[in-house]
Structures are given as structure tokens and as C-alpha cells.
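These notes are about the structure you will find just below.
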Amino acid sequence: MKVTVIGAGAVGATCADNIARAGVCTELVLLDIKEGLAEGKAQDMQQTAALLGFDTIITGSTNDYSKTANSEVVVITSGIPRKPGMTREELIGTNAGIVKTVCENVLSFSPNTIIIVISNPMDTMTYLALKSTGLPKNRIIGMGGTLDSSRFKYQLSQHLGCSASDLSAIVIGGHGDTTMIPLISKATWNSVPVTSLLSEDQQKQIVADTMVGGATLTKLIGTSAWYAPGAAGSALVKSILRDEKKLFTCCVALDGEYGQKDICLGVPVTIGKNGWEKILPLELSASEKEAFEKSAAAVRSMNEVLG
Ligand code: APR
């Protein structure tokens with residue numbers, strides 16, 4: 001089993017580190033455009049093998065895609081962050097160019113791979129990957145909702161004083177802080193609805209804090225986060241390679257599901273050896289449906305910038 005992570009920055013390296021520690025693949029390739037960066041991080045990571053007890057062979061590559069050949073899964077984290085004075089359109093334009101070229105290079109050496117997109121704006125980059133590669137839709141997975149759902153569980157666990165892994169809670173819709181929809185009405189602590197344990201004010205606070213989860217960290221750290229994004233990417237890789245068929249929220253191509261077509265948005269899906277395998281339906285309330293439609297409209301307007 002072989003996995004490639006494109007982009008050896010904060011998120012890519014963390015994702016690769018988690019994949020190596022999970023021991024789910026025999027070969028792991030880290031690729032970056034910056035000379036020596038991927039090779040250095042790959043070697044550093046490989047030097048943890050004796051301490052952590054994994055046998056994955058980790059290789060670094062400066063933009064040499066032949067090293068990525070025959071990867072079962074490729075995770076794309078390459079891109080640039082938004083710089084001061086940069087418009088949203090400029091950011092989309094730059095990252096779209098990077099993601100499109102990366103996809104072409106990846107597929108020329110791994111035509112059967114499954115692609116996981118992490119680069120932002122993630123919903124639009126996932127849509128671009130789908131449209132530009134023409135791959136079957138099940139092989140393009142946007143990671144966003146997996147991360148946002150984990151952040152939602154974090155916020156819930158803080159208020160409930162419980163283990164985050166005891167919670168079942170998901171965030172659907174877009175990955176942006178105004179487009180995501182934390183479904184508090186459906187969240188449970190094991191099977192106990194959290195709405196029966198939290199006041200209205202607490203519920204509002206948890207939803208609001210989840211929605212600005214990424215921005216809060218950017219403010220604190222001075223750049224965007226990497227531990228949870230990297231772990232989210234790695235959880236998806238593991239579910240594919242082990243054919244776990246775990247249920248995650250991922251950004252996938254909708255073809256009538258949830259009332260949407262020709263868009264990639266976050267919905268609950270099973271993740272297994274074929275990529276995303278099944279979209280699960282959810283009974284949404286009128287206000288949740290309205291929020292989903294608004295989210296779709298906002299993502300669609302970003303997708304139009306691609307044109
Ligand atoms: N090919 C390969 N690597 C590239 C390319 C390219 N064409 N263009 C940029 N990169 C690399 C950069 O050299 C850098 O090492 O992508 C890496 C990005 O790393 P960081 O700047 O550290 O960004 P990071 O925090 O990892 O975020 C990556 O994930 O969560 C999202 O919003 C985030 O879009 C961003 C992405």
C-alpha cells in the first residue's frame with residue numbers, strides 16, 4: 001500500500017506523520033515544490049520509526065512525481081495561505097492553478113488513485129479536482145467536514161465535561177466559517193441527545209464557536225492550524241486503506257442528494273476502499289434545510305470564480 005501527501009508544510013507533514021504512526025501503508029511519499037523540504041521532513045519522520053515502532057518507508061521528493069507512482073491514495077495539501085491585501089478571487093486563482101497542476105501530475109503516475117483534497121478553499125478545490133480530472137466522483141473526497149465535526153465534538157465535550165470520542169455529532173454544508181452547519185439537533189452523547197443536557201445559550205455558543213474554530217486558531221497561532229487538519233486527513237486515508245467504511249462528513253459531488261446538483265458539499269458518507277461509497281440521508285428541519293441551501297449558494301458563487 002502506498003500513499004502520497006502533496007505539500008510538506010504544516011498540514012501535509014502532520015498528516016504524513018499520523019499516517020506513518022498508524023502503520024496503514026508500506027510506502028509513504030511526501031512531495032513539495034520547495035527544494036529539500038519534503039526530503040528533510042521525510043528523513044526526520046523516518047527517524048521516529050525506531051522510537052514509535054512503525055515500518056513504513058517514508059520518501060521525500062522535490063516535485064518529482066515519478067516517486068509517487070502507483071499510490072493508492074493521494075492527499076493534496078499544497079497551496080498558499082491568503083496574504084494581506086489578497087482578494088478571495090486571487091486566492092482561488094492561485095490555489096486553483098496549484099491544485100489543477102498537482103492533480104494532472106499525480107494522475108500521470110497514479111491513474112487509479114483516490115484523491116483527498118485539503119487545500120483551501122476546500123469546497124471549491126474539491127469541485128475543481130472533480131471537474132479538471134474527470135475522475136469518477138467517488139474518487140474525489142474533500143476533507144473539510146471531517147475536521148469541522150471533530151472541532152464540533154471538541155466544543156461539545158468542553159461544555160458537557162465528557163470524552164469527545166463518546167460523542168456523535170456532525171457538521172454538514174460548506175467548510176467556510178459562514179457556510180458550515182453544525183447539526184446540534186442531531187448530536188448525541190452516546191445515545192443521549194445533547195439538546196437535553198445543554199441550555200439554549202450553551203447550544204448557541206457551541207455552534208458559534210465551532211463555526212469560527214479555524215479562525216480562532218489562526219488568531220492565536222498567527223497561521224492556520226495543522227494538528228486536527230492533519231489528523232482528519234489521516235483518518236480518511238486509514239478508512240480507505242483498511243476498507244473500514246467509517247462514516248465521516250466529507251465534501252463530495254452531489255447529484256440530487258440533499259436537493260443539490262453540480263456542486264461538492266459536506267454530507268455524511270461512508271469511506272472505504274472505493275473512496276466515498278455511500279451518501280447517508282438525514283432528516284433536516286426546515287431551518288437546517290434553509291441553511292444548507294444558503295451554504296450551497298455561497299459555495300456555488302466561489303466555484304463560479306473558477307470559470
Ligand atoms: N506543488 C507542491 N507543493 C506546493 C506547491 C506545488 N505546486 N505549491 C505550494 N506547495 C507547498 C509549499 O511549498 C508549502 O510547503 O505547499 C505547502 C503548504 O504548506 P503551508 O504553507 O505550511 O500550509 P499548511 O498550513 O500546510 O496548509 C496547507 O491546507 O488547511 C489548508 O488552508 C490550508 O490551503 C492550506 C493547506
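In each ligand, atom 1 is the first atom listed, and ligand 1 is the first ligand listed.
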Going by the order shown, which atoms of ligand 1 are within less than 4.0 Å of some heavy atom of Ser119? 34 (O)
Going by the order shown, which atoms of ligand 1 are within less than 4.0 Å of some heavy atom of Leu37? 15 (O)
Under 3.5 Å, is there a donor on one side chain and an acceptor on the other for Glu288 and Ser185? yes
Under 4.0 Å from atom 34 (O) of ligand 1, is there any protein heavy atom? yes
Return a yes/no value for Ala10: is any of its N or O atoms, backbone included, closer than 3.5 angstrom to an N or O of ligand 1? yes
For atom 19 (O) of ligand 1, closest protein heavy-atom neighbour: Gly9 CA, 3.3 Å
With heavy atoms only and a cut-off of under 4.0 Å, state how Thr223 meets ligand 1: side chain, backbone, both or neither. neither
Between Glu304 and Arg300, does any side-chain N to carboxylate O distance fall below 4.0 Å? no
Closest to atom 2 (C) of ligand 1 among Ile33, Thr101, Asn105 (heavy-atom distance): Ile33
The side chain to side chain donor-acceptor pair (under 3.5 Å) partners of Thr113 (sequence neighbours excluded) come to none
If you group Ile, Leu, Val, Met, Phe, Trp and Tyr whenever their side-chain heavy atoms sit less than 4.5 Å apart, what else falls in with Met211? Phe152, Leu156, Leu160, Leu167, Val171, Met180, Ile184, Trp189, Val192, Val194, Leu197, Leu198, Ile206, Val207
Suppose I only count heavy atoms of Thr77 and a 4.0 Å limit; which atoms of ligand 1 are within that range? 28 (C), 36 (C)
Just to be sure I'm reading this right: ignoring hydrogens, which of Val11, Asp32, Leu31 gets closest to atom 11 (C) of ligand 1? Compare them by their nearest heavy atoms. Asp32
Between Ser66 and Asp64, do the side chains contain an N or O donor and an N or O acceptor separated by less than 3.5 Å? yes
Per atom 8 (N) of ligand 1, closest listed option by heavy atom (Ile98, Val99, Ile221): Ile98
Looking only at distances, please establish whether an N/O atom of ligand 1 is found under 3.5 Å from an N/O atom of Lys34. no
Distance under 4.0 Å to a non-hydrogen atom of Ser78: what atoms of ligand 1 satisfy this? 2 (C), 3 (N), 4 (C), 5 (C), 10 (N), 16 (O)
If I apply the N/O under 3.5 Å rule, does Asn120 come out as touching ligand 1? yes
Distance from Ile6 atom CD1 to Ser119 atom OG, nearest 0.5 Å? 10.0 Å
Glu39 versus Thr62, side-chain donor and acceptor atoms under 3.5 Å: yes
How far apart are the C-alpha atoms of Thr270 and Leu280, what are their side-chain angles, what is the distance that settles it, and do they pass the side chain to side chain contact (heavy atoms under 4.5 Å, CB included) test? CA-CA 8 Å; Thr270 53; Leu280 276 287; 4.0 Å; yes
If only side-chain N and O atoms count, and only distance matters, is there a donor-acceptor pair under 3.5 Å linking Thr4 with Thr68? no
Rounded to the nearest 0.5 Å, what separates atom CD1 in Ile141 from atom SG in Cys264? 11.0 Å
For atom 29 (O) of ligand 1, the closest protein heavy atom turns out to be Ile118 CG2, 3.8 Å
If you take the nearest heavy atom of each of Ala38, Gly79, Ser224, which one is closest to atom 9 (C) of ligand 1? Gly79
With heavy atoms only and a cut-off of under 4.0 Å, state how Pro229 meets ligand 1: side chain, backbone, both or neither. neither
